[in-house]
Engineer: 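Structure provided below as structure tokens; questions to follow.
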Amino acid sequence: MSRSRHLGKIRKRLEDVKSQWVRPARADFSDNESARLATDALLDGGPEAYWRVLSQEGEVDFLSSVEAQYIQAQAWERPCPPDTLGGAETGPKGLDSSSLQSGTYFPVASEGTEPALLHSWASAEKPYLKEKSSATVYFQTDKHNNIRDLVRRCITRTSQVLVILMDVFTDVEIFCDILEAANKRGVFVCVLLDQGGVKLFQEMCDKVQISDSHLKNISIRSVEGEVYCAKSGRKFAGQIREKFIISDWRFVLSGSYSFTWLCGHVHRNILSKFTGQAVEPFDEEFRHLYASSKPVMGLKSPRLVAPVPTGAAPANGRLSSSSGSASDRTSSNPFSGLSAGSHPLPESKQNKTKTKTMLWFLVAFS
């Protein structure tokens, strides 16, 4: 039987690396057209069409069973945006929409304009630019620095702004920490959830009977990953796998840790802490994702009010709970002395800082 006329990119590479007689070729990082055609076929016609294209293209089955099921389950159809200007140079670099769809592996990556920045703080006003850059790594096996405790301590010591980007959020205790920060200490919280994890978050809220009225100063929004568009117009969206927390724009916690009971007790995870200018990329990524996010149904973004009078709560934001006790603040944990909550400011300066934060959130959530 004669050898196939055409070999797919992956199949050819596999044959080359299996043979000890073929000299290694330079790595090719260009898009795989055969894989694109097969993915389009899976979206349009299902597994049979996918296998048929693989056979025609001489390509290997490059999708795992989980990936193939995900693509089929997430597929939806919406006509690609029409050429509103009627010209050939409406797309990036003079390409029309049809050429983008047929010749680009991820054709919708260039759709739309760059989201506007959500705030216009001057560089000198950003706290992370004033502090020394550092990076610290924690592992789940480190019993002296439990990852879940580090995350909770970060939340309880945030005094102004807390930003959370998370794929899955079902940990009720961490949710209580966030509610306490927002409702008791006036911390402004923005939670961006992966679209696929919204249902589980709402399920948690239903179980513990949390409604809009309990979400003072908290904005819950959803965001999705990149969108793949087939030539026919059928699409599917990816997931958000980024996970990080920004506390008071001073430091970031980022890693594999999700806000679930399993991650806190049995899954192995890694968590990194960044300070100084290393925070800036996370700041930019958050604003980029927030600009494309949508409010979660039933969990409305808050209408912000004037700052709470100083006499209504302790000036330094400390609570009677053990997480804010003096002994905890003076312990040898890695976050002592790094959060604004660990160094109470004079009352007048606190009010000024709170007002500035309030003005920023009024712009960000508008």
Side-chain angles (χ1 to χ4, degrees), residues 118-119 151-166 168-193 197-223 244-250 253 259 286-287 289-291 293-324 339-341 344-345 347 350-366:
L118 295 183
H119 65 74
V151 169
R152 296 190 62 193
R153 191 174 292 117
C154 163
I155 296 172
T156 58
R157 292 188 172 183
T158 300
S159 63
Q160 298 175 41
V161 181
L162 182 68
V163 167
I164 296 173
L165 176 64
M166 191 53 53
V168 182
F169 191 163
T170 58
D171 190 315
V172 178
E173 287 189 271
I174 292 180
F175 192 33
C176 287
D177 294 333
I178 291 174
L179 291 171
E180 184 180 72
N183 297 333
K184 306 296 184 182
R185 303 199 309 274
V187 175
F188 302 111
V189 182
C190 180
V191 179
L192 294 185
L193 294 172
V198 168
K199 184 177 180 180
L200 292 175
F201 180 81
Q202 291 176 320
E203 180 182 288
M204 175 188 66
C205 291
D206 291 341
K207 285 181 178 179
V208 297
Q209 299 181 341
I210 291 294
S211 62
D212 289 350
S213 61
H214 302 106
L215 300 177
K216 176 184 177 183
N217 295 332
I218 304 179
S219 175
I220 311 291
R221 301 177 68 87
S222 67
V223 66
F244 61 79
I245 307 169
I246 306 178
S247 175
D248 290 334
W249 306 113
R250 292 187 179 278
L253 299 181
F259 287 0
F286 158 70
R287 288 182 278 130
L289 291 173
Y290 184 90
S293 65
K294 300 175 182 178
V296 173
M297 297 299 294
L299 299 173
K300 301 176 182 177
S301 298
R303 179 179 293 278
L304 302 182
V305 296
V308 178
T310 328
N316 60 4
R318 291 168 61 180
L319 302 174
S320 58
S321 64
S322 60
S323 61
S339 172
L345 300 172
E347 185 175 305
Q350 277 197 353
N351 291 338
K352 183 177 180 181
T353 304
K354 282 273 188 179
T355 303
K356 182 185 291 186
T357 306
M358 174 69 70
L359 291 175
W360 179 86
F361 265 73
L362 285 172
V363 174
F365 292 150
S366 61

Engineer: With a 4.5 Å limit on heavy-atom distance, are the side chains of Tyr290 and Val163 in contact?
Structural biologist: no
Engineer: How long is the span from the CE atom in Met166 to the CG atom in Asp171, to the nearest 0.5 Å?
Structural biologist: 10.0 Å
Engineer: Is the closest side-chain heavy-atom distance between Val187 and Asn217 below 4.5 Å?
Structural biologist: no
Engineer: What distance do Ile218 atom CD1 and Ile210 atom CD1 have between them, rounded to the nearest 0.5 Å?
Structural biologist: 8.5 Å
Engineer: Starting at CG of Leu162, measure out to SG of Cys190 and round the result to the nearest 0.5 Å.
Structural biologist: 9.5 Å
Engineer: Any non-hydrogen side-chain atom of Ile164 less than 4.5 Å from a side-chain atom of Ile178?
Structural biologist: yes
Engineer: Which atoms form the tightest heavy-atom contact between Ser159 and Asp248, and what is the distance?
Structural biologist: N-OD2, 3.1 Å
Engineer: Taking side-chain contact (heavy atoms from CB on, under 4.5 Å) as the test, write out the residues that go with Asn183, two or more places apart.
Structural biologist: Leu179, Lys216
Engineer: Applying side-chain contact (heavy atoms from CB on, under 4.5 Å) to Val296 and Phe201, what does each step give before you reach the verdict?
Structural biologist: CA-CA 10 Å; Val296 173; Phe201 180 81; 5.6 Å; no
Engineer: Got a second to check how far Ile220's CD1 is from Ser293's OG, nearest 0.5 Å?
Structural biologist: 11.0 Å
Engineer: Do Asp177 and Val151 pass the side-chain contact (heavy atoms from CB on, under 4.5 Å) test, and can you show the C-alpha distance, the side-chain angles, and the key distance before you say yes or no?
Structural biologist: CA-CA 10 Å; Asp177 294 333; Val151 169; over 6 Å; no
Engineer: So, using ring pair (Phe, Tyr, Trp, His ring centres under 6.0 Å) as the criterion, who are the partners of Phe259 when residues are at least two apart?
Structural biologist: Phe169
Engineer: Does a side-chain N-to-carboxylate-O contact under 4.0 Å join Glu203 and Lys199?
Structural biologist: no
Engineer: Can you measure from CD1 (Ile155) to CD (Glu173) and round to the nearest 0.5 angstrom?
Structural biologist: 11.5 Å
Engineer: Starting at OG1 of Thr158, measure out to CZ of Arg185 and round the result to the nearest 0.5 Å.
Structural biologist: 7.0 Å
Engineer: Evaluate the side-chain proximity of Leu192 to Phe286: yes if any heavy-atom separation is below 4.5 Å, no if none is.
Structural biologist: yes
Engineer: Please identify each residue that fulfils side-chain contact (heavy atoms from CB on, under 4.5 Å) with Thr170, with sequence neighbours left out.
Structural biologist: Val168, Leu200, Thr260
